[in-house]
Amino acid sequence: MKLYAKPAHELHEMLLKKEVSAAEITKDVLARMDETEDKVHAYITETREAAIQAAAAADEKLARGERIAYFEGIPGAIKDNICTKGIKTTCASRMLENFIPPYDATVMKHLAAENPVILGKLNMDEFAMGGSTENSAFHDTRNPWNTECVPGGSSGGSAASVAAGSAVWALGSDTGGSIRQPASFCGVVGMKPTYGRVSRYGLVAFASSLDQIGPVTRDVTDAAHLLQVIAGHDEYDSTSSASEVPDYAEALREDVKGLKIGVPKEYFVKGMDAEVEESVRAAIKKFESLGADVQEISLPHTEYAISVYYLIAPAEAATNLERYDGVSYGARVDGADVVEMMTKTRSEKFGEEVKRRILIGNYALSAGYYDAYYLKALKVRRLIKEDYDKAFRTVDVIVAPTAPTPAYKIGEMTNDPLKMYLQDVYTVPLNLAGLPGISLPCGYSQAKMPIGLQIIGKPLDEATVLRAAYTYEQSQTFCREMADMGVKA
Amino acid sequence: MKYEAVIGLEIHSELKTNTKIFCGCATTFGAEQNTHVCPVCLGLPGVLPVINRRVVEFAIKAGLALNCTINKFSKFDRKNYYYPDLPKNFQTSQYDLPIAEHGYVDIETEEGKKRIRITRIHMEEDAGKLVHSGATIKDSAASNVDYNRTGVPLIEIVSEPDMRTPQEARAYMEKIKSILEYIDVSNCRMEEGNLRADLNVSLRPAGTDTLGTKAEMKNINSFKAVEDALTYEIERQEEVLEDGGHIVQETRTWDPARGITLSMRTKETAQDYRYMPEPDLVPIITTDEEIQSYKDGLPELPDARQARLEKDYGLSSYDAGIITSSRDMAEYFDAVIAEGADAKLAANWMMGDLSKNLNQEGKTIAESPVDAKRLGSMIRLIEKGTISSKIGKEVFKTMWESGDDPEKIIKDKGLVQITDTKELESVVDGVIAANPKPVADFKSGNKKAIGALVGQVMKATQGKANPQLVNQLLAKKLAE
């Protein structure tokens, strides 16, 4: 198996045993990038020079016999809405086409302590708004399993690069499913932590009460370790949790005996995709055979989750995106006066979906409509959260599909934004309730497109989620399979 | 038709915390442009605010000093509007759950004490400053933004429309300034923009209680301008109404050079700020214990202090009002009294020579070269009769210039008052002999003529003769 196809923990072992050098690993992943990028287009910005230097530095440390960190010398990439000091951070938007942040996001500071190899910044839906990465202002990203299909979104680049082998690990962000759904579509592992578990400082805000940064990896072990690196309280983020971060590696054991698993009856409805249902039900059966105690639960307000999400997220986004007005950040369309400059800049530099959501958001917040829409949505959000609180009194984790279908074709949903919004039905509730959730592969469609299983946990109980995920993962081979992409390995 | 003016004020005061409301940048005035900035107060993509607890403390203290109820559960909201001096194009402010509500201050009016109610006090961040390339915004091809001021903490104090005259509005603002200085939450330096007011004024037929349409004047930053702008605007509105016209609800600017208010472009609809709870900040929870602790820590406030000075020292209401109008002045007074000086003399010297010299040199009382101790000593010397008050003026002037103690100055300049009767008698004899005409005038019934003789004695003694003794001796000698 090629180096680019191995998970980080295996590469780390090989480095320690001096079976391979960091330079060789990076070279191999860069070669894979060369082979796949003209089909996958996962990257917006590549930072090869710095990557090669970082690999060399890791090798020097190893040569001196010094200890290296888990991700030291291992190549990964960062979603382009996470601020990286001195490296362009575009959010896949013309508005930030040339924005170079003068500061690092907190997660980048955490990562820096690991001395990883950063290969570049990854493509996404513009300002994280979308479920297919088709809303990127620059180019599409394609699904490595079938390059006519979408990789999912908004962290499409993160999932596609890890799936293609042009990154061993990646960071994504998740506001309504943007890590989990692309992970599901691309057959990799993606996790959204509990709201507040990971600092949002430096994550370009989409919806402040919903956004979280999380790991996208080859397997659950890597996800646990990457989460360990980025999690923790941040004094720069007032919404970050002060709760102690447990040792997630301890969660990586095969043990679900007696684990109570809830299956929401509202999630399995007549007419749902048969292949998705089959794979997910098979996974549930697997859990039972491993000793878990599976029970049906009810989440009665499920049907309102999309509406609630598509009122709260756009409202917060509308205010978060007001700062993009042509005054700063380099993108400016001149006008006769400042109002015209702002209007023209925003009209021309924002894409359609961004503008759509800003309009929805402002409508929901406007005088005369605030109570009926935004305030009402906040109240129903509470009810959705209470559904989970109630369920978690009787179960430890909840399982569900991640996405209602496998990856669809490029262009299939772009004419029907509402249809695309409905794709988020299994993922948005977690963001509304602030819960942790992981997606990992649990099967394939007939067309050999990956299907993802979602495991949802109690607030700050990533450990149990990881344990359930690890146990399931070890019982099958889906995670060890990679798209061959028709490229000579 | 007789109209009644109805006036409300929204006062913005910068809080004197060391750092800004949501980040660690310095708040000091006058720094080089764009040097007190960081990603957070620049509103760069990805940044988040973190509340400066000192801001909350100061806001609560202001609420308590202004007799408000403190809301134990309070939160921030985004107030959304576009302007280049506002980097995020929203201001983090407070909407429906402000930190304090339902307070009041009392002001002195011609009809006596009047209570002005305070609707609410809330915290918010200040915006930056636009620097236009031309003299005014209309003459400019471009503007630059100085972000030093973005994120400086403000409290906004909103009054009920309880004021009826420009003088009441001025008195209200002066009272607010005084109280905020007393509790040390603001520097209130209006020339630095620490304290600004938005004025709202409408007219209604006297005796009715429905509010008329109001006009608003924003960012008035001097007491004089408050009074002048309101005076003009009330007259303007009266004229419009007398002519049968309607007042347009609008924002007007005050042009101090021309002494008029001008309409700014009227919008068809009122600005919709689309207030939204700030999701990046958690609510502010304050306990009863904390509130009590802040209350206990408040100093004696101006009204209480004034009352005490009137009661304990018999100062007039006017004098006590001036002395307590600023905390520095009130504490200076206390220190002068602590030297054993008489309260009324202390008040006179402070309101007289001290204030005159401070004003001439543009100094605050805290910068006075004559400290309270020295002034107190000097007053004691006058009381003891060591020097006359006239000589005191000279001593004061020298203290101001040299910083020396009054005792040293008196000694060096030989200014000790002459109270030796024998010494004065010989001078008096000499003056009587040398001035026959005033003597004759006095003796023939013009009692005022003694003044000229007193003057001559003072001249002969370089002003050091004790004036009362001189009068006595002259009277005695002339009666012989």
Side-chain angles (χ1 to χ4, degrees), chain A residues 81-83 89-91 93 95-96 99 101-106 127 199-205 207-211 234-240 312 315-316 318-329 338-339 341-343 346 361-370 374-375 378, chain B residues 22-24 34 37-40 42-53 76-92 95-96 128 130 132 137-138 140-145 147 150 265 267 269-284:
Chain A
N81 61 354
I82 296 172
C83 284
T89 299
T90 70
C91 300
S93 177
M95 189 64 85
L96 292 178
F99 174 61
Y103 77 103
D104 263 328
T106 298
F127 283 107
S199 169
R200 289 185 298 118
Y201 185 78
L203 172 67
V204 180
S208 314
S209 74
L210 303 165
D211 293 343
D234 182 13
E235 59 178 2
Y236 280 83
D237 178 354
S238 304
T239 62
S240 85
I312 293 176
E316 292 181 3
T319 60
N320 281 325
L321 267 62
E322 284 163 351
R323 70 196 69 198
Y324 306 112
D325 58 5
V327 174
S328 311
Y329 316 125
V338 78
V339 172
M341 177 197 84
M342 287 181 172
T343 314
R346 290 168 67 81
N362 280 327
Y363 187 81
L365 291 176
S366 58
Y369 295 102
Y370 178 92
Y374 183 72
L375 185 58
L378 291 180
Chain B
F22 297 127
C23 67
N34 288 316
V37 294
C38 74
V40 177
L42 288 172
L44 294 187
V47 299
L48 299 170
V50 178
I51 185 65
N52 177 344
R53 292 290 324 174
F76 285 101
D77 300 278
R78 293 183 179 177
K79 179 180 181 181
N80 301 283
Y81 66 96
Y82 285 83
Y83 206 62
D85 67 1
L86 200 58
K88 299 174 292 192
N89 284 321
F90 64 81
Q91 178 193 37
T92 302
Y95 181 49
D96 56 321
L130 286 176
H132 307 302
I137 195 170
K138 288 203 168 106
S140 301
S143 300
N144 294 311
V145 194
Y147 292 106
T150 57
R265 191 171 59 128
K267 299 179 186 89
T269 51
Q271 173 83 280
D272 179 6
Y273 292 114
R274 289 166 288 122
Y275 284 99
M276 184 188 85
E278 172 59 77
D280 290 332
L281 292 170
V282 298
I284 305 146

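At a 4.5 Å heavy-atom cutoff, the contact between A:A367 and chain B is made by backbone and side-chain atoms alike. The parts of A:N362 that come within reach of chain B are both its backbone and its side chain, each placing non-hydrogen atoms under 4.5 angstrom from that chain. Interface residue A:S328: only side-chain heavy atoms are found under 4.5 Å from chain B. Contacts of A:Y369 with chain B are absent, with no heavy-atom separation under 4.5 Å from either backbone or side chain. Looking at A:Y201, both its backbone and its side chain come within 4.5 Å of chain B, counting heavy atoms on both sides. If you measure heavy-atom distances from B:L42 to chain A, the contacts under 4.5 Å come from the backbone alone. The contact between B:P87 and chain A is made entirely by backbone atoms, counting heavy-atom distances below 4.5 Å. Proximity to chain A is limited to the backbone of B:Y275, based on heavy atoms less than 4.5 angstrom apart.
In the displayed structure, B:Y95 atom OH is contacted under 6.0 Å by at most 12 heavy atoms of other residues, nucleotides or ligands. Counting non-hydrogen atoms of other residues, nucleotides and ligands closer than 6.0 Å to OH of B:Y273 gives a total above 12. Few gaps surround OH on A:Y103; more than 12 heavy atoms of other groups in view lie less than 6.0 Å from it.
At least one side-chain heavy atom of B:P45 sits under 4.5 Å from a side-chain heavy atom of A:Y324. The shortest side-chain heavy-atom distance between B:Y81 and A:E322 does not fall under the 4.5 Å cut-off. Considering only heavy atoms from C-beta on, A:S208 stays 4.5 Å or farther from B:E278 through its side chain. Side-chain contact check for B:P277 versus A:Y374: some heavy-atom pair is nearer than 4.5 Å. Here the side chains of B:L48 and A:R200 are in contact, with some heavy-atom distance below 4.5 Å.
Not one N or O on the side chain of B:R78 forms a donor-acceptor pair closer than 3.5 Å with the backbone of A:T319. A donor-acceptor distance shorter than 3.5 angstrom exists from the side chain of A:S238 to the backbone of B:P49, with no hydrogens or angles considered.
The minimum heavy-atom distance between A:R323 and B:N89, with the atom names listed, is CA-ND2, 4.0 Å. Across all non-hydrogen atoms, the minimal contact from A:E235 to B:V50 is O-CG2, 3.2 Å. Minimum interatomic distance between A:E316 and B:P279 (heavy atoms only, all atoms of both residues): OE2-CB, 4.1 Å.
The OG atom of A:S366 lies 11.5 Å from the CG atom of B:N80; values are rounded to the nearest 0.5 Å. Atom CZ of B:R274 sits about 12.5 Å away from atom OH of A:Y370, to the nearest 0.5 Å.
Interface check for chain B: of the options A:V338, A:N81, A:N320, the most heavy-atom pairs under 4.5 Å are formed by A:N320.
Every side-chain hydrogen bond (donor to acceptor under 3.5 Å, both in side chains) that B:D96 has, sequence neighbours left out, goes to B:K75.
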### Task
Give the intermediate values and the outcome of side-chain contact (heavy atoms from CB on, under 4.5 Å) for residues B:L44 and A:Y329.
CA-CA 9 Å; B:L44 294 187; A:Y329 316 125; 3.8 Å; yes
